[in-house]
Amino acid sequence: MPRSLLHDSTCVLFALTVSACASTPVTSGGGVTPASRGVVASTTVPVPGGCSVPRVGPADAVGCYLAGTEQIGSVVETPLYWYLDVYPTRTAAEAARRSRGTVAEAHGRVWLFTIADAAWQAVGGERVARVGPLPVTTGRRYAAHYLEGVVPAAARTPVHRHPGPEAWFVLEGTQCLETPDGFTVVRAGESFVVAEGKPMLLTGAAPSIRRSLALVLHDAAQPWTIPTTEWTPKETCPR
């Protein structure tokens with residue numbers, strides 16, 4: 001599976017490690033519908049947070065946490081990108097937030113996540129990455145589900161898929177994505193996007209922990225993540 005050039009950055013994407021996702025997500029300025037919820041089996045290594053609730057413990061404690069959700073609305077213009085900017089305070093990030101923007105606190109920093117076109121620029125802040133383009137369908141309504149991951153190398157997800165593209169930005173460590181097309185290794189300072197509907201398995205590569213951010217830009221009428229048994233991984237990712 002060829003690697004795509006998907007980011008303008010010195011940092012990288014996030015490995016999503018999912019467990020039972022039944023809690024109601026929080027939102028930043030967009031509202032949440034029942035379709036924002038998902039249900040996925042637990043990982044091979046227990047990971048707190050379940051990718052469905054906000055972090056309540058110390059910054060960067062092990063877990064997969066909901067960083068925020070946003071109703072993006074109907075997509076008219078393409079291509080779209082995921083912008084990651086950091087700010088010194090939440091107040092500064094909120095002042096810079098525009099349409100389709102979400103302020104989140106993750107990995108001990110304040111982030112402004114924005115879904116926008118290729119020419120978009122944040123006001124102030126520090127640009128960390130531009131990830132994309134995101135393969136979306138014109139005319140469809142989307143919602144964004146943002147995740148913060150601090151995941152042990154031994155953890156891997158169950159097989160699952162998303163009703164929309166998933167994008168990662170890895171800050172530290174290494175993740176391996178396996179799909180029916182093969183596997184792709186994503187390291188710190190790199191990003192990757194996988195298209196809607198592909199069954200996938202995410203695995204951490206030893207020896208270090210993975211610190212990452214993720215976006216699932218999903219069909220707003222469907223759950224953000226869907227377990228599947230339609231494909232059996234070959235588990236070819238390096239360990």
Side-chain angles (χ1 to χ4, degrees), residues 1-19 40-47 49 51 60 62-65 67 79 81-84 106-107 111 113 128-135 145-162 164-218 224-228 230-239:
M1 180 171 169
R3 179 181 299 239
S4 302
L5 298 177
L6 297 169
H7 74 289
D8 305 321
S9 152
T10 58
C11 299
V12 178
L13 230 248
F14 150 92
L16 169 65
T17 301
V18 284
S19 62
V40 177
S42 63
T43 60
T44 54
V45 173
V47 176
C51 300
D60 269 11
V62 167
C64 179
Y65 298 100
Y81 294 81
W82 174 27
Y83 292 87
L84 297 84
H107 301 292
W111 301 81
F113 299 142
V128 174
R130 185 186 79 162
V131 179
L134 304 169
H145 190 98
Y146 294 106
L147 297 165
E148 172 195 13
V150 182
V151 182
R156 63 178 183 174
T157 68
V159 178
H160 63 284
R161 61 182 178 86
H162 301 291
E166 180 174 12
W168 299 272
F169 185 78
V170 178
L171 298 164
E172 181 181 332
T174 304
Q175 76 171 37
C176 182
L177 169 72
E178 184 181 355
T179 73
D181 297 327
F183 73 89
T184 301
V185 175
V186 186
R187 299 176 176 85
E190 299 172 344
S191 63
F192 197 76
V193 176
V194 64
E196 171 182 357
K198 283 188 179 290
M200 68 180 77
L201 172 72
L202 283 166
T203 305
S208 63
I209 202 165
R210 289 173 291 153
R211 290 180 169 83
S212 51
L213 297 165
L215 158 68
V216 178
L217 188 61
H218 65 94
W224 71 276
T225 188
I226 301 168
T228 181
E230 66 189 43
W231 168 69
T232 301
K234 296 180 181 178
E235 300 191 27
T236 52
C237 282
R239 300 292 179 86

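Model, not experiment: these values are computed from the prediction.
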Side chain to side chain, [X] and [Y], heavy atoms closer than 4.5 Å:
X      : Y      : result
Leu84  : Leu213 : yes
Asp181 : Lys198 : yes
Val131 : Leu215 : no

Could you give the distance from [atom1] ([X]) to [atom2] ([Y]), rounded to the nearest 0.5 Å?
X      : Y      : atom1 : atom2 : answer
Glu166 : His218 : CD    : NE2   : 11.5 Å
Leu147 : Tyr65  : CG    : OH    : 12.5 Å
Cys176 : Arg156 : SG    : CZ    : 11.5 Å
Thr228 : His162 : OG1   : NE2   : 11.5 Å
Tyr146 : Leu217 : OH    : CG    : 7.5 Å
Leu177 : Phe192 : CG    : CZ    : 6.0 Å

Are the side chain of [X] and the backbone N or O of [Y] linked by a donor-acceptor pair below 3.5 Å?
X      : Y      : answer
His145 : Cys51  : yes
Glu172 : Ile209 : no
Glu178 : Cys237 : no

Determine the minimum heavy-atom distance between [X] and [Y], stating which atoms define it.
X      : Y      : value
Pro79  : Tyr81  : CG-CE1, 4.0 Å
Leu171 : Ala188 : O-CB, 3.6 Å
Val193 : Pro135 : CG1-CD, 3.7 Å
Gly63  : Val151 : O-CG2, 4.3 Å
Ala153 : Ser208 : CB-O, 3.4 Å
Pro199 : Pro180 : O-CD, 3.3 Å

Intermediate values then yes/no, side chain to side chain contact (heavy atoms under 4.5 Å, CB included), His160 and Met200: CA-CA 6 Å; His160 63 284; Met200 68 180 77; 3.6 Å; yes

Side chain to side chain contact (heavy atoms under 4.5 Å, CB included) assessment of Thr203 paired with Glu235: CA-CA 9 Å; Thr203 305; Glu235 300 191 27; over 6 Å; no

Reference residue Leu202; test side-chain contact (heavy atoms from CB on, under 4.5 Å); the match among Val186, Val194, Thr157: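 Result for side-chain contact (heavy atoms from CB on, under 4.5 Å) with Leu202: Thr157.
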
Parallel, tilted or perpendicular: ring planes of Phe113 versus Trp82, cut at 30 and 60 degrees: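 Judged by the thresholds at 30° and 60°, the geometry between Phe113 and Trp82 is perpendicular.
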
